[in-house]
Structure formats: C-alpha cells, structure tokens
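Following: one structure in structure tokens, then a few remarks.
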2 protein chains.
Amino acid sequence: MTVQRSLKRATISDVARLAGVSIATVSRVLNGTAPVAEETMSQVNQAIAALDYAPHAAARTLAGRRTDTIGLLLPEISGAFYSPLIHGIESSAREAGFDLLIHTTADRFRERGRIQLPLDEHNTDGLLVFTDRLSDAELARFSGRGFPLVLLYRTAPPTLDIPVVTLENKAGARSVVEHLIVEHGCRRIAFLAGPSGNEDSCWREAGYLEALRVHGIDDDPALHGPGEFDSEQARAVVAQWLGQGVSFDAIFAGDDDAAMGSIQALTQAGLRVPEDVAVVGFDDVLLAGLMVPRLTTVRAPIETAGRQAARLLISLIQGEEVERLVLLPTELVIRQSCGCDR
Amino acid sequence: MTVQRSLKRATISDVARLAGVSIATVSRVLNGTAPVAEETMSQVNQAIAALDYAPHAAARTLAGRRTDTIGLLLPEISGAFYSPLIHGIESSAREAGFDLLIHTTADRFRERGRIQLPLDEHNTDGLLVFTDRLSDAELARFSGRGFPLVLLYRTAPPTLDIPVVTLENKAGARSVVEHLIVEHGCRRIAFLAGPSGNEDSCWREAGYLEALRVHGIDDDPALHGPGEFDSEQARAVVAQWLGQGVSFDAIFAGDDDAAMGSIQALTQAGLRVPEDVAVVGFDDVLLAGLMVPRLTTVRAPIETAGRQAARLLISLIQGEEVERLVLLPTELVIRQSCGCDR
DNA sequence: GCGGTTTCTGAAAGCGGTTTCTGAAAGCCT
DNA sequence: AGGCTTTCAGAAACCGCTTTCAGAAACCGC
C-alpha cells in the first residue's frame, strides 16, 4: 500500500545545498533584501528552478510576521450582490500581492467550549468586515489591539475610529423615489425594508421618507414591509398585500433582489409592471438590465466599493494614513419598470 | 509618536508560564492529543481565558503540516453563477473546519522573473479547480505530487485520476427536449451550442441528439448553431436563421443566456413565444423565472455542486477514498416558454 | 602598503507551535 | 512490599523561513 500523502517538497536548505551557499543567501535572492553577487544569484536561481522550489508560506509568515492575506467577513453569500463585491476585493488584493480569505458568519459554531473567532488575526494581516453579526465589542477587541480593520456598508461605533466604506444610500433612495413622484405621479409608494438594523436599509428608508415629505405625501405605515433584501421574502410580502387589498401604485424595493420578488408577485397576480404598479430597486445588479421589464434602480458601485475597501485595508496594513470615511456616489438608472421606456 | 503595529499577542509560552506547566501540556489541552489531568487542564484553560490566547495559525501549520484551508481557483468572479457556487463551497468547508482561500486566474502575473503559481500548495491542503486556464500539464504537476485536487465542471485527462464534480447535462438536456417533443409535438427543434470544446455543451448536445433519436426524429445539421452561452450571439444566430427562412418549431438553447437571446430575436421578428416557436434553456438562473414568458429550463444545482466538491476535496485531504466522478442530477423546470402555462 | 569603508556571505537565533522521548508518580498484582 | 504497567508532564528536537550579527574579501584614497 502506497502512502497517499503529499510528497515532500524542496526546502530552502535543499536549494542552498545544491547551489553551494547558505540558506541566508537563498533567502536574500528570494526577497531581494540584501545585495547578492551576480554569479551567486544565478546559481541560486538555477537551483530553485531545478528543484521546482517554492517557499513555504507558513514558515515565511512565522518568521516574517506577515501573512500577505486579508480576510473578508460576510454574513452569507447569496443573491446577485456578493459576486461583484468579492470580485472587486479579490482583484484589488491580488494587485497588491495579497491573498483573500473568506469567512461567513452564517452559523458560527462553538468548538471545545470556546467561541471560535470568525477570523483570527493570526491568519490575516487585516480584516474587511461586512457583516453586522460582529458585535461592537468584538470590533473593539480587534481594533484595540491595533489590528487593521475596515468596515464595509456599515459604520463604526464613534469611539472606535475604524475606516468605513459605504454608499450614498440616502441620496440615491431619495432620487429614485422622487423620480416616481415627479415623473410618474405616484402617490402611494410602498417600501420594502432590508433586514432590521441594516444600515443601508435605514438610510434608504430615510431617503424614501424625505422624498415623500418634500413632495407633501404622507407616509402610510401600511406600505412598509420587510423585504429582507431577498426576492422570496419580498414576493411573499407583496403577495400578502395584494391578498389583503392594500392599494399602491409603486414599490420602492430595498434592493434589486426584493424588486425582482415584487415583480414576480405582481405578475402572478395578473398585474402589469409598470402599467399597473411601478417597481424600482436599488443596487443595479447585472440582472437588473436584462429582466423584463428592465429595472429602474439606483446604481451602487458595488465592485468599486470592494476595490476601495481592500485598498484601504492594505494601506492600513502597510502603516499608511487613510481616510476615515469613503462615501461612494450612487446614480439613478432609469429603465422601464418605473414607467419610462429607455 | 506611538507605534501603530499590532500589539503582541499571547503565545503558548505565556499560557504555560501563567498556568505553571510546560508548553507541551498546553498544546495537549488545546488539541486533546494526550490525556491531561482534570486539574491541570482547568488551570491551563483559565490561563488561556485570562490571556485571551489563540494559537498562531502559521506556527501550527509549520509544526503540524496542515493548513486547514482549501483553495478555490476560478477564472474570474462575475455573473450570477459564482455566487451560489462560492456559497456552497464555503459553507461546506466551514462545516468541516476549513478556511477558504480564493484565487482568480484572470491575469496571472509574473513576479521577479518566475511565474507565480496561482495557488501554492503550501498555503492550502488541497485545491478546487474550476477554471480551464490551468493546463493539463499544471494539473499533472500538482497531481503527480499527491496534492489533493478536485475538478469542478470539467473532467480530468484520463491519465490523471482526479475526482470530478459535474452535472447530468445529458439527462437534463434529454428531458427538456423530450418535453418539447412529447408534450408539445415539436419536430423541428434547433440547438444552440456553447463555446466549442465546452464539456457542458457537448453533453447537452448528446442529450438533445438522444432525445431526437429515441423519438424517431432525424437530426438536421441546419438546426445547429453556435450560441456560445451568450445572449447576443444567440440572438444573431436565430435572426440569421429567420432571415434565411430556416424553419423550426422550437429552440433548445445551450443555456439560459442563449435562450434569452433567442427570444429577443424571435420577438423582434414578430414571432410569438411559445405560440409560434417554443424556447427552452438550461441552468435556471434567477432571471429565468422572472422574464416574460417565464422560461422553461433545466435546473442546474450550482450550490450543491460547490458543496459536494468541497466535501470531496476535504475527504481526499483526510485520506479517505472518494468517488472519481460525482454527477449531480438536473431537474426539468417547466414554466411558460415551452407552451405550458405554469 | 595601510587603515577604513563597502560588499558579500554564513552562522545562528528566533518565530510559535507539535510531537517524540523520557521519566516521575500513581495504581495494580502477587 | 516489590516489580509491573499506566497516567501524566516536561525537555528538547524539529517545522522552514527571516534577520541580526559578525567576519572575510574586495575596494578605496593617499
């Protein structure tokens, strides 16, 4: 019976031996940390090639005290939202020579009686925190140690001084709701909120309320529903409203996923979008422009947000000063589902 | 000026000192690798708690020769496809106590004159390979070393014996084509292939041909077109057919994107779907259920594929025997575009 | 030629764990 | 009580790399 484990790889000592130098010299050639004679260098490089040598990441980390890896903490990966986000983060990290480690907090579990940290700082040089599952206390713990942290789509407790990358949610929401009011004469506009406590959702709601107020429309609590940023949830809520005879002429869904669910519910009930009910979303995910009707929404630069956040974190890791708050602009994208036809 | 770097974390020695034991004992408590007296154990645990100690992953890796991390190699992260895939992989990995490291091969870059391996085996215990950017030679290199590898949506060169997770493309394709034949009496069914050489596409075509044969329908080469799994390509091909007067009563598009393009072309030519021409796709992306008409298609269990692949890889890492081939079942999803009305 | 750089290289001390080996103390048997 | 096995704990040898320290050789100006 043959052994199945990985064959032993060449180490720095093997390279040193073959090249007839010390391991320190090999290390220098590898990292360019000190001058090495031309000839020595080429011998070492030949040995490296001959042995197909690659340095052992963990040993490097241990000796060099850096992991060249950033961590990303997510609530869970679903819907059309995370794809561009991860893409932005990954490409930005890769450009800077960092790896990306992803963790979700979906159901954090306990092991051996202790809470396992979601991402231990030992594994990463810094952490990108998206989820709101990480409590302020935990944030403080990391932050207090001087561990580099950047928050995505969520602000830090004011005492903590952690950089934040987020969107102009309120302005975006207000603009799309105003579009419904001004261009399409909507007066009864429903709102599907995100998960309770979600900051994006709060600001979008604030923008929605502001638009209503500015145009003298009273807010009707009956028109607020839990969309949960989820198409299935949204579908259920809208279906229920229709069943109960709640009347509305437009829906501002908290995000595009919820907008899709809303449209499903309306269509299933025999209503036409946008003729009977206008529907608008938020995010402008890829599908938004492909569905029928094409969705009017607010473009959130998700990939850019990811890219920026990763960059910020890496700057922080490298000891540079960074802005405390990056607010990314949103943009109204008018298509068909509001009643326009572009 | 204060130093910004991370504060020093407690090490196993600190714990040992505080608990009045040796580091070996602390390690045993941590890993449960050898019996430790009740009282000693509790002292150690107290010290761990008091110091807020967490073991250093890299040190552990170096000494213990495992990383507890699996790598995922992707061509690039885009579209609605990768979200469920990553989610499946991540959750499966997490359940098994593994981390997930993601790399894309988008533009692999060179550094210091050598090609950087996309994911070095030092960083991970095994690798999930999705991309076809990794050549057979590179696969052979990893595999030859006994490094655990699992392929996703792509079969291995027969000499290599690497496990594969993929879909029952053929059965799925056959079922949807048979549906067209049996339920809707279609006889002239066009097929839009994916990119040439794409394995998914080959099998779907095989299923399509089988369905035709079983029902005594001759295959007409004029009804095969290059859909490229792309809506624009598919639109062009179908438009051309219509211009040439090619006659057909149904289109089996290689995937949902191509199906959307086909529908566009038909609609623009004044034909009705499904009354004049039925259209079916493959994948069941989110949009499929939202478009008009709602698309009849074959559901591909993307998230499940990710989950299974990760499980397979982890079994492999743990030295267990695994199947060489996991074929995930697909499921016919009947909606409207075939002529049904569900 | 001679002290004083500069340039290059090697020995060795960690980094923070795991694991083997060895030994002391405790438990068991006759 | 004496010899035997168990049970538990510590010393020390790694794991593969980075980095400091120190030294040898080459180079410098005069």
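Just so you know, these numbers come straight off a predicted model, no measurement behind them. In the text below, chain A, chain B and the rest are named by the order of the sequence lines, each starting its count at 1.
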When rounded to whole Å, the CD1 to C1' distance for the pair I23(B) and dT20(C) reads 13 Å
Report yes or no: is there a donor-acceptor pair, N or O only, under 3.5 Å between the side chain of R28(B) and the base of dG10(D)? yes
Polar side-chain atom of T69(A) near backbone of L100(A) as donor-acceptor pair, under 3.5 Å: no
Nucleotide paired to dA1(D) in any strand shown, Watson-Crick or G-U, under 3.5 Å: dT30(C)
If you count every heavy atom of other residues, nucleotides or ligands that lies below 6.0 Å from E38(B) atom CD, does the total exceed 12? no
Starting from C1' on dA26(C), measure out to CD on E39(B) and report it in whole angstrom. 15 Å
T33(A), nearest nucleotide to its side chain (from dT18(D), dT19(D), dG16(C)): dT19(D)
Separation of dC17(D) atom P from L51(A) atom CG, nearest Å, is 12 Å
When rounded to whole Å, the CG to C1' distance for the pair L62(A) and dT18(D) reads 10 Å
Is the distance between the ring centroids of F81(A) and F229(A) less than 6.0 Å? no
Output yes when at least one side-chain N/O atom of R60(A) is less than 4.0 Å from OP1 or OP2 of dT18(D), else no. yes
Touch check for A24(A), heavy atoms < 4.0 angstrom, all strands: base, sugar-phosphate only, or nothing? base
Does D161(B) offer a backbone N or O that forms a donor-acceptor pair with the side chain of R324(B) under 3.5 Å? yes
Could you check A59(B) against G20(B) and say which one's nearest nucleotide on DNA chain D is further toward the 5' end? G20(B)
Under 4.0 Å, counting only non-hydrogen atoms across every strand here, what does V26(B) touch: a base, just sugar-phosphate, or nothing? nothing
Nearest listed nucleotide, side chain of P55(B), among dC15(C), dG17(C), dT19(D): dG17(C)
Answer with base, sugar-phosphate or nothing: what part of the nucleic acid does T11(A) contact at a heavy-atom distance below 4.0 Å? sugar-phosphate
Whole angstrom value for the distance that separates C1' of dA9(D) from CD1 of I12(B): 14 Å
Candidate nucleotides dG10(C), dC15(C), dT18(C), ranked by approach to the side chain of A63(A) - the nearest: dC15(C)
Hey, which sits more toward the 5' end of DNA chain C by its nearest nucleotide, T40(A) or S13(B)? T40(A)
Please work out which of the three classes, parallel, tilted or perpendicular, describes the rings of F142(B) and F147(B), given edges at 30° and 60°. tilted
Could you state the atom-to-atom distance from CG of L30(A) to C1' of dG16(D) in whole Å? 12 Å
May I have the distance from M41(A) (atom CE) to dT9(C) (atom C1'), rounded to whole angstrom? 13 Å
Under 3.5 Å on both distances, the Watson-Crick or G-U partner of dC27(D): dG4(C)
Please give, in whole Å, the distance from dT18(D) P to R66(A) CZ? 8 Å
Nearest to side-chain heavy atoms of V36(A), which nucleotide of dT18(D), dT9(C), dG16(C): dT9(C)
Between the side chains of E199(B) and T166(B), is a donor N or O closer than 3.5 angstrom to an acceptor N or O? no
Report yes if at least one side-chain N or O of S27(A) is closer than 4.0 Å to OP1 or OP2 of dT18(D); otherwise report no. yes
Need the pair for dA22(D). Rule: Watson-Crick or G-U wobble, both distances under 3.5 Å, any strand; none if unpaired. dT9(C)
Hey, is the side chain of T25(B) poking within less than 4.0 Å of OP1 or OP2 on dA9(D), counting only N and O atoms? no
